[in-house]
Participant: 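One structure follows; several queries about it will come next.
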Amino acid sequence: MNQRWRQILLWGLPITVALLLALQFLGSGALSNLKPGGPTEAPRNTAVARMSYGRFLDYVEAGRVTSVDIYDGGRDAVVEAVDPDLDNRVQRLRVDLPGLAPELINTLKTEGISFDVHPPKTAPPALGILGNLLFPLLLIGSLIFLARRGNNMPGGPGQAMQFGKTKARFAMEAETGVMFDDVAGVNEAKQDLEEVVTFLKQPEKFTSVGAQIPKGVLLVGPPGTGKTLLAKAIAGEAGVPFFSLSGSEFVEMFVGVGASRVRDLFKRAKENSPCLIFIDEIDAVGRQRGAGIGGGNDEREQTLNQLLTEMDGFEGNSGIIIIAATNRPDVLDSALMRPGRFDRQVTVDAPDIKGRLSILKVHSRNKKLAEDLSLESIARRTPGFTGADLANLLNEAAILTARRRKETISLAEIDDAVDRIIAGLEGHPLTDGRSKRLIAYHEVGHALVGSLVKDHDPVQKVTLIPRGQAQGLTWFSPDEEQMLVSRSQLKARIMGALGGRAAEDVVFGYAEVTTGAGGDIQMVASIARQMVTRYGMSGLGQMSTDGGSQEVFLGRDLMTRSDTSEGTSKQIDEQVRGIVMQCYEETLSLVQGQREAMDRLVELLIEKETMDGDEFREVLANYTTIPEKDRFSPVLS
Ligand code: ADP
Ligand code: MG
Ligand code: ZN
């Protein structure tokens with residue numbers, strides 16, 4: 001039986017191929033295509049007059065049409081018609097058709113009109129045929145391939161298809177051109193990785209004393225912090241080729257593709273050692289196996305298994321180092337972290353202010369900066385920015401500079417670029433009117449409360465120029481490097497966020513408050529709830545009820561268990577409401593007491609549209625005393 005099938009497949013398939021090819025060849029009209037000079041497109045001749053489709057149908061009915069040439073898949077036609085009023089002179093007319101309708105073809109047939117359909121214009125005729133043939137060829141080719149493999153080496157279903165074999169989708173760079181100097185602000189990570197360069201450059205140093213060279217290093221950190229850049233820099237410093245592959249590319253449609261790519265990758269790497277293999281987004285394949293809902297993902301598991309097998313399969317001193325990157329180390333399969341695999345972890349965090357300064361230095365090397373522009377002030381303005389954000393910031397600023405036809409990048413462009421990256425694109429300011437006044441009071445409310453509550457971050461800027469979703473914005477400058485947030489600071493944040501709504505309330509009345517405060521209210525609720533359930537900052541005392549889990553990971557715990565009883569939930573809600581109400585009362589009375597200052601500030605803001613923090617405080621100081629804020633400000637050399 002097996003033998004017979006083999007016979008049928010081996011002989012039957014080529015014959016089918018030949019038959020199909022012949023059919024395809026004839027059926028596609030490919031032969032007519034080969035006629036020299038055969039038209040493929042309606043002549044775009046202006047001398048040919050146009051005729052409407054309705055008119056054309058009338059002509060057909062009247063028996064005036066002698067021939068029809070249809071082009072462009074039935075959307076265009078050139079018609080020859082006779083004009084009985086002009087001695088039956090032949091006219092050529094163009095008609096736009098609604099498509100290749102069978103009714104039309106039938107009518108033409110029954111009326112005995114000669115017609116021809118021309119294939120749409122594509123590649124040159126010979127290529128066109130190839131294109132037509134390619135599909136059946138490929139399909140049948142792989143069938144034969146399958147049949148033979150299936151007979152010779154019975155394997156699992158995943159073994160039979162080797163689609164991945166032919167198109168190994170990993171990138172290889174002989175020289176990355178990146179050096180450690182190009183990576184800034186991540187000094188600890190760099191120190192850890194310097195050793196890896198030595199592993200690649202002088203492995204004997206370690207092997208001579210019997211040390212096992214580690215095979216894999218896992219870089220952990222949020223996106224844009226320079227993980228890829230670091231991996232490239234290691235290859236660059238060591239002067240070895242850089243092979244890279246992204247985890248998300250493994251997860252393909254066909255089972256087995258990812259595994260075969262891994263195999264190919266390691267094969268090529270071994271041929272090119274010493275070298276570095278970089279696997280980006282390893283969490284896409286390296287998740288915990290076999291725990292997912294509804295069974296695991298076969299493809300991912302096979303890929304991961306292949307990766308583990310390959311890593312175990314070579315000696316530590318074969319000159320290959322594997323570097324993987326992820327921002328979710330918590331979801332990785334524990335098998336990946338075992339000794340002999342990715343047993344070293346290097347954390348690459350978002351840079352602190354000094355780190356940001358040195359990254360800005362790297363990226364401003366090739367930019368023209370105004371003399372009075374200090375990189376320190378940019379570093380101060382950008383807490384939370386990653387290396388990629390900073391690179392993007394300088395680039396945006398450079399684009400703005402060019403657009404404004406300036407010679408050098410100045411603080412104005414940097415400021416606009418920061419705002420744009422954080423809050424989105426600038427919109428058009430509202431024209432003067434009730435809404436603009438309301439928004440002005442709302443923003444001044446935020447800024448006022450922010451300035452007058454001692455523990456609030458100081459105001460950096462108030463603006464009525466819309467950005468992203470927001471109609472107006474108040475910017476505060478956060479304290480640099482503050483790790484812990486106190487209860488009074490959280491309370492200050494709640495009050496600052498409520499300042500906008502309180503101002504609307506005081507000035508326009510409760511009936512007139514708007515949806516504009518929606519985002520603020522949400523933030524308030526979230527801070528207050530965390531104070532109660534996480535930080536033990538309420539009447540409920542020092543207890544945590546949210547279990548500390550931030551995200552449910554399907555592969556591990558099916559659902560978050562709630563260990564909160566119904567009674568406790570009710571108490572939590574009451575506490576949250578209590579905090580918010582109390583804060584709102586205080587905010588309201590603060591705003592009410594500053595009605596005069598507020599009116600003046602709104603007047604100024606509507607006139608100028610943007611006020612910076614100093615300007616704002618200067619005006620406010622005429623009406624009340626502004627508390628001094630104690631801030632830690634790191635010294636930058
Ligand atoms: P990740 O791989 O961590 O997501 P990348 O290495 O791809 O981040 O960084 C993207 C770009 O951002 C880099 O090409 C580089 O221009 C810039 N960048 C990121 N981090 C740094 C850094 N520490 N120093 C200099 N440039 C950086
Ligand atoms: Mg990356
Ligand atoms: Zn607001």
Side-chain angles (χ1 to χ4, degrees), residues 171 176-190 193 218-234 236 242 244-248 278-284 323-328 346-352 354-367 379 385-395 423 438-450 462-464 466-467 469-476 493-505 513-524 587:
T176 61
V178 182
M179 291 291 163
F180 272 144
D181 269 355
D182 300 316
V183 195
V186 282
N187 290 334
E188 281 157 45
K190 264 194 327 200
L193 293 170
L218 185 64
L219 298 179
V220 178
T225 46
K227 298 183 294 298
T228 310
L229 200 64
L230 270 170
K232 285 190 175 178
I234 295 169
F242 180 79
S244 67
L245 191 72
S246 172
S248 55
F278 179 62
I279 302 174
D280 210 353
E281 300 174 60
I282 195 170
D283 46 294
I323 299 203
T326 181
N327 54 353
R328 297 290 315 269
V346 173
T347 308
V348 190
D349 255 332
D352 61 4
K354 286 187 180 145
R356 292 199 300 275
L357 181 59
S358 48
I359 293 172
L360 285 167
K361 279 183 185 151
V362 168
H363 284 279
S364 57
R365 274 186 210 150
N366 58 355
K367 303 238 173 8
F385 273 46
T386 61
D389 293 333
L390 292 169
N392 182 22
L393 166 68
L394 286 178
N395 192 46
L438 189 130
I439 293 163
Y441 271 103
H442 181 103
E443 296 309 327
V444 166
H446 283 307
L448 187 84
V449 175
V462 194
T463 177
L464 292 184
R467 233 177 232 291
Q469 302 289 314
Q471 286 300 317
L473 283 164
T474 307
W475 300 80
F476 297 98
R493 279 185 202 173
I494 294 180
M495 286 179 67
L498 288 170
R501 164 56 62 88
E504 289 180 39
D505 199 347
V513 297
T514 67
T515 52
D520 300 333
I521 306 282
Q522 245 171 23
M523 191 174 99
V524 166
T587 311

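Counting starts at 1 for both ligands and their atoms, in listed order.
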Participant: Using side-chain heavy atoms (C-beta onward) and a distance below 4.5 Å, is Thr463 in contact with Trp475?
Facilitator: yes
Participant: In plain terms, say whether Asp389 and Arg356 are close enough for a salt bridge, that is, a side-chain N and a carboxylate O under 4.0 Å apart.
Facilitator: no
Participant: Distance check, rounded to the nearest 0.5 Å: Ser358 atom OG versus Asp352 atom CG?
Facilitator: 8.0 Å
Participant: Measure from the Zn ion (ligand 3) to each N, O or S atom of Glu443 and report whether any distance is below 2.8 Å.
Facilitator: no
Participant: Within the structure, does Pro223 bring an N/O atom to less than 3.5 angstrom of an N/O atom in ligand 1?
Facilitator: no
Participant: If you have a sec, work out which protein heavy atom is nearest atom 18 (N) of ligand 1 and how many Å separate them, to one decimal?
Facilitator: Gly387 C, 3.6 Å
Participant: Between atom CD of Glu281 and atom OG1 of Thr228, what is the distance when rounded to the nearest 0.5 Å?
Facilitator: 8.5 Å
Participant: Any atoms of ligand 1 less than 4.0 Å from a non-hydrogen atom of Val183? List them with their elements.
Facilitator: 23 (N), 24 (N)
Participant: For the residue pair Leu498 and Asp520, establish whether any side-chain heavy-atom pair is separated by less than 4.5 Å.
Facilitator: no
Participant: Using a strict 4.0 Å cut-off to heavy atoms of Lys227, name the atoms of ligand 1 that fall inside it.
Facilitator: 1 (P), 2 (O), 3 (O), 4 (O), 6 (O), 8 (O)
Participant: With only distance considered, is Gly226 within less than 3.5 Å of ligand 1 through an N or O on each side?
Facilitator: yes
Participant: Strictly under 4.0 Å, does any heavy atom of Ala184 approach an atom of ligand 1?
Facilitator: yes
Participant: Assess Asp182 for proximity to ligand 1: is some non-hydrogen atom of it under 4.0 Å away?
Facilitator: yes
Participant: Angle at the Zn ion (ligand 3) between OD2 of Asp520 and NE2 of His442, to 10°?
Facilitator: 90°
Participant: Can you tell me if His363 contacts ligand 1 (heavy atom of the residue under 4.0 Å from the ligand)?
Facilitator: yes
Participant: Looking at ligand 1, does Gly185 have a heavy atom less than 4.0 Å from it?
Facilitator: no
Participant: To which protein heavy atom is atom 6 (O) of ligand 1 closest, and what is the distance rounded to 0.1 Å?
Facilitator: Leu229 N, 2.9 Å
Participant: Any chance you could measure Leu360, atom CG, to Phe385, atom CZ, to the nearest 0.5 Å?
Facilitator: 10.0 Å
Participant: Among Thr225, Val183, Ile323, Val178, which residue satisfies the side-chain contact (heavy atoms from CB on, under 4.5 Å) criterion with Leu230?
Facilitator: Val183
Participant: One pair to check against side-chain contact (heavy atoms from CB on, under 4.5 Å): Arg365 and Asp182. What are the steps and the verdict?
Facilitator: CA-CA 10 Å; Arg365 274 186 210 150; Asp182 300 316; 3.3 Å; yes
Participant: Identify the closest protein heavy atom to atom 4 (O) of ligand 1: which residue and atom is it, and at what distance?
Facilitator: Gly224 N, 2.7 Å
Participant: To the closest 0.5 Å, what do you measure between CG (Asn187) and NZ (Lys354)?
Facilitator: 11.0 Å
Participant: Could you check which of Thr228, Thr386, Val178, Asp280 puts a non-hydrogen atom nearest to atom 7 (O) of ligand 1?
Facilitator: Thr228
Participant: Using non-hydrogen atoms of the residue, decide whether Val362 is closer than 4.0 angstrom to ligand 1.
Facilitator: no
Participant: Counting heavy atoms only, which of Ala350, Pro222, Ala391, Ala388 comes nearest to atom 12 (O) of ligand 1?
Facilitator: Ala388
Participant: Are the side chains of Ser364 and Leu394 in touch, meaning some heavy atoms are under 4.5 Å apart?
Facilitator: yes
